[in-house]
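Encoded as C-alpha cells, the structure appears first; notes follow it.
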Amino acid sequence: MTVNSTFAANAASTGGTPDFPMPRTCPFAPAPEYVGLRAEAPVSRVRVPDGQLAWLVTRYADVRRLLTDPRVSADRFHPNLPLTEPVTPQTRRNIAAVGRSLIGLDQPEHGPQRRMLIGDFTLRRAQEMRPHIQRTVDECIDAILAGPKPVDLVAALALPVPASMITKLLGMPYEDRDLIVRSADAQLRRTVSAEQRQQTSSELRAYVDRLVSAKEAEPTDDLLGRLVVQNRQTPLFDHDMLVGLAMLLLVAGFETTASMISLGVAGLLENPDQLAVVTGDPAATALAVEELLRYFTVVDALPRVATADIEVGGVTVRAGDGLLLSFASANWDTDVFPDAEVLDVRRGARHHMAFGYGIHQCIGQNLARAELEIVFRTLFARIPGLRLAEELDGLPFRKESNIYGLDRLPVTW
C-alpha cells in the first residue's frame, strides 16, 4: 500500500520528503494527508521550513504515549527542536528565552515551576472568574446589539473576552491589549517576516519587562504579583524567566481561546442541528465545548526532541531526532473517535488532546473551558437568529498561522 495521493504528491514535489506544516484544504478539517498517514505511515519523515528533518507522529495512541515518555524532551535550547516557522538565529533566541520557563523544561525542573503557578489555574479559580467572564461577554454582546449589522465577531467578541481574562489574571491594564493582539499575530503567523516578528517581540518583551519590574518593586494581588512573592520565598525564576513566562501566558493563553471562540461559533452556525442541541439544553454547552475543542484542535503539532532511541509506530526514532506530535491528527483518529469527521456535540470526548497531555498539559484549560462555555451559551441565547453574513468558504481562515483560526467572522441576525 502507499500513502494517500495528496501526501505522495507533496513528497514527490520535495524530493521524497513532504513539507510540514501541511495546509488544511477544508475550513474545518485537519490536513487531509493525516488520514493516509495514520493508516499507513503513522511515524514518518517531514521537512520543516529551515530544512531540518523531523518525525511526524499522527496516531492518537502514539502521540499520547510519547507525551509521557521521559525520553522525549521539550528543551527549547536543543538545536534539533523542529520549528514550524522560518528560523533565524533571533528566532531561536526568542524561543529559548520563553523556553527557560515551564514550556521548555523537562523533569525535575518543570514540576516545581508548574506547582508555583497552578494555584491561579485550578478549577476553583476558574469558577471564581466566571462572574467576570459573564460581565465581559454581556458587555460585548450589548455593544454588538447596539451597533450596525453585520458585525465582525472576531473583533467584537472573540478577541476582547480572552484579552480581558488574561490581562486581569496577570495584572496588566486592559487598555494595553492591542499590543498583545499585534504581537501574538506576528509571532504565530508564518508569513510574517523575521524582521517584523523580531520587532513586535521586542516591543512586547520591553513592555512585559517593565510590568514585571513594577511588580517586583511592589507586588500586586494578581498572578505575577503572587509569583514574585512566592519566588522570594522559594527562588525558581530570575527576572528574565519571569518575563519569558509572562510573554508565554499572554500570547498562548490569549490566542488559542480567541481562535476557538470564532471557530466554534462558525462551526455551530454551519451545523444547525448541533446548534439546536446546545440551545435546547444549556447544560449541553459543556459537552459541546469538549467536542469543539477536539474537532478544531487549533494547535496542530507540538515540537519535541528524542533524548534516547525510541521504538514507536514500527519506526526507531534515534536520540537527537526531532519529533512533531500531531494533536490535530490524533483528535481525528477514528480508532478513538468514531466518525471523527462529524461534529457531534453529544460526544463528550474529554480525552481529546486539544490541551495536550502529560506534564505539559495546558495549565489554563479550566479557564479556557469556562470562557468558551459562557461565550457560546450567552451568545446564542441573546442573539437567537445569529447567522453567517458571508459564505463559509470565503472567510479568511488562518491557514498560515501556528494557531488555526479566523481573521474575521462577519455575522448578522
Point to revise | Lys/Arg cation over aromatic W55: R45, 6.0 Å, 45° cone | key: yes
Revision key, fill the gap. Smallest heavy-atom separation, S164 atom then T136 atom, equals OG-OG1, 3.5 Å
Revision key, fill the gap. For V251, the side chain to side chain contact (heavy atoms under 4.5 Å, CB included) test, sequence neighbours excluded, returns A184, L188, L204
Check your understanding: Considering only heavy atoms from C-beta outward, does the side chain of F121 approach that of Q365 to under 4.5 Å?
Key -> no
Practice item. Applying salt bridge (charged side-chain N to carboxylate O under 4.0 Å, His left out), name anything that partners R124, two or more places apart in sequence or on another chain. Key: E128
Practice item. Taking the side chain as every heavy atom from C-beta outward, state whether N402 and V299 have any pair of such atoms under 4.5 Å apart. Key: no
Point to revise | Full working for side-chain contact (heavy atoms from CB on, under 4.5 Å) between M353 and R294 | key: CA-CA 7 Å; M353 283 191 284; R294 178 203 70 83; over 6 Å; no
Exercise for review: For P70, enumerate each residue passing the side chain to side chain contact (heavy atoms under 4.5 Å, CB included) test, keeping only those at least two apart in sequence or located in another chain.
Suggested key: none
Exercise for review: Please confirm whether the backbone N or O of D222 pairs with a side-chain atom of T220, one donor and one acceptor, at under 3.5 Å?
Suggested key: no
Exercise for review: Keeping the roles fixed (side chain from R347, backbone from V342), state whether a donor-acceptor pair exists under 3.5 Å.
Suggested key: yes
Review point. With no hydrogens and no angle check, is any side-chain donor or acceptor of K215 less than 3.5 Å from a backbone partner on G171?
Key: yes
**Study point:** Interatomic distance, I133 atom CD1 to Q127 atom CD [nearest 0.5 angstrom]
**Key:** 9.0 Å
Point to revise | Residue pair M22 / L56: nearest heavy atoms and the distance that separates them | key: CE-CD2, 3.8 Å
**Study point:** Whether R71 side chain and D309 backbone form a donor-acceptor pair below 3.5 Å
**Key:** yes
Check your understanding: What residues form a salt bridge (charged side-chain N to carboxylate O under 4.0 Å, His left out) with E216, not counting sequence neighbours?
Key -> none
Check your understanding: Between D344 and R346, is a salt bridge (Lys or Arg N to Asp or Glu O under 4.0 Å) present by the stated rule, with each step listed?
Key -> CA-CA 5 Å; D344 178 4; R346 293 188 177 93; 5.2 Å; no
Exercise for review: Tell me, yes or no, whether the heavy-atom count around Q107 atom CD, taken from other residues, nucleotides or ligands under 6.0 Å, exceeds 12.
Suggested key: yes
Point to revise | Validation row: L224, V228 side chains within 4.5 angstrom (heavy atoms) | key: no
**Study point:** N331 and L293, any side-chain heavy atoms less than 4.5 Å apart
**Key:** no
Point to revise | Shortest non-hydrogen contact from L170 toward A246 | key: CD1-O, 4.1 Å
Check your understanding: Between D300 and S326, does a side chain to side chain donor-acceptor pair (under 3.5 Å) hold up when you go through it step by step?
Key -> CA-CA 6 Å; D300 188 335; S326 177; 3.2 Å; yes
Check your understanding: Under 3.5 Å, is there a donor-acceptor pair between the side chain of T122 and the main chain of I118?
Key -> no
Review point. Are L37 and V43 close enough that some pair of their side-chain heavy atoms sits under 4.5 Å apart?
Key: no
Practice item. Taking all heavy atoms of V278 and all of T285, pick out the closest pair and write down the distance. Key: CG1-OG1, 3.8 Å
Check your understanding: Out of curiosity, F20 CZ to Q52 CD, how far, rounded to the nearest 0.5 Å?
Key -> 13.0 Å
Review point. Taking only residues two or more places apart in sequence, or in another chain, which ones meet Y60 in a ring-ring contact (aromatic ring centres under 6.0 Å, His included)?
Key: F337
Check your understanding: Side-chain donor-acceptor pair under 3.5 Å between R387 and T412, yes or no?
Key -> no
Exercise for review: Would you check if L302 and L324 make a side-chain contact, meaning some heavy-atom pair closer than 4.5 Å?
Suggested key: no
**Study point:** CA sep, side-chain torsions, deciding dist, call: D106, H110, side-chain contact (heavy atoms from CB on, under 4.5 Å)
**Key:** CA-CA 5 Å; D106 301 321; H110 177 271; 5.9 Å; no
Review point. Is any side-chain heavy atom of V317 closer than 4.5 Å to a side-chain heavy atom of E311?
Key: no
Exercise for review: Would you check if the side chain of S183 reaches a backbone N or O of L179 as a donor-acceptor pair within less than 3.5 Å?
Suggested key: no
Check your understanding: What are the two closest non-hydrogen atoms of L105 and A74, and how far apart are they?
Key -> O-CB, 4.3 Å
Revision key, fill the gap. Sorted by chain and residue number, the side chain to side chain contact (heavy atoms under 4.5 Å, CB included) partners of P42 (sequence neighbours excluded) come out as T58, R59, D62
Review point. Does the pair I383 and I144 meet the rule for a side-chain contact (heavy atoms from CB on, under 4.5 Å), with working shown?
Key: CA-CA 10 Å; I383 314 180; I144 289 171; 4.1 Å; yes
**Study point:** Which residues share a salt bridge (charged side-chain N to carboxylate O under 4.0 Å, His left out) with R182, sequence neighbours left out
**Key:** E203
**Study point:** Member of K168, R115, R226 meeting the salt bridge (charged side-chain N to carboxylate O under 4.0 Å, His left out) criterion with D120
**Key:** R226
Revision key, fill the gap. For R205 and D240 the tightest heavy-atom approach is NH2-O, 3.6 Å
**Study point:** Stepwise side-chain contact (heavy atoms from CB on, under 4.5 Å) test for V208 and L250
**Key:** CA-CA 10 Å; V208 174; L250 279 171; 3.7 Å; yes
Revision key, fill the gap. Contacts of Y295 meeting ring-ring contact (aromatic ring centres under 6.0 Å, His included) (sequence neighbours excluded), chain-then-number -> W332
Review point. Distance under 6.0 Å and angle within 45° of the ring axis: does R24 meet both against Y404?
Key: yes
Study note, to complete from the structure: Across all chains, not counting sequence neighbours, the ring-ring contact (aromatic ring centres under 6.0 Å, His included) partners of F376 are none
**Study point:** NZ or CZ of R64 within 45° of Y357 ring axis and under 6.0 Å
**Key:** yes
Practice item. Applying side-chain contact (heavy atoms from CB on, under 4.5 Å) between L409 and each of I261, L395, L263, V151, report the one that passes. Key: L395
Study note, to complete from the structure: One should read off an interatomic distance between T200 OG1 and I180 CD1, to the nearest 0.5 angstrom, of 13.0 Å
Exercise for review: For residues Y174 and P160, determine if any side-chain heavy atom of one lies less than 4.5 Å from a side-chain heavy atom of the other.
Suggested key: yes
Check your understanding: Would you say the side-chain atoms of E139 pair up with the backbone N or O of A143, donor to acceptor, closer than 3.5 Å?
Key -> no
Revision key, fill the gap. Rounding to 0.5 Å, atoms CG (N231) and CE (M241) come to a distance of 8.5 Å
Determine all donor-acceptor pairs shorter than 3.5 Å in which one atom belongs to a side chain in residues 265-273; sequence neighbours excluded.
from : atom 1 : to   : atom 2 : distance (Å)
N271 : ND2    : G267 : O      : 2.8

Revision key, fill the gap. With sequence neighbours left out, the residues meeting salt bridge (charged side-chain N to carboxylate O under 4.0 Å, His left out) with R408 are E390
Review point. Is there any salt bridge (Lys or Arg N to Asp or Glu O under 4.0 Å) pair reaching into residues 365-386, and which pairs are they, with sequence neighbours excluded?
Key: R130-E373, D138-R382, D142-R382, E290-R369, E373-R377
Exercise for review: Kindly indicate, with the supporting measurements, whether the criterion side chain to side chain donor-acceptor pair (under 3.5 Å) is fulfilled by S259 and R398.
Suggested key: CA-CA 9 Å; S259 292; R398 302 182 64 175; 4.8 Å; no
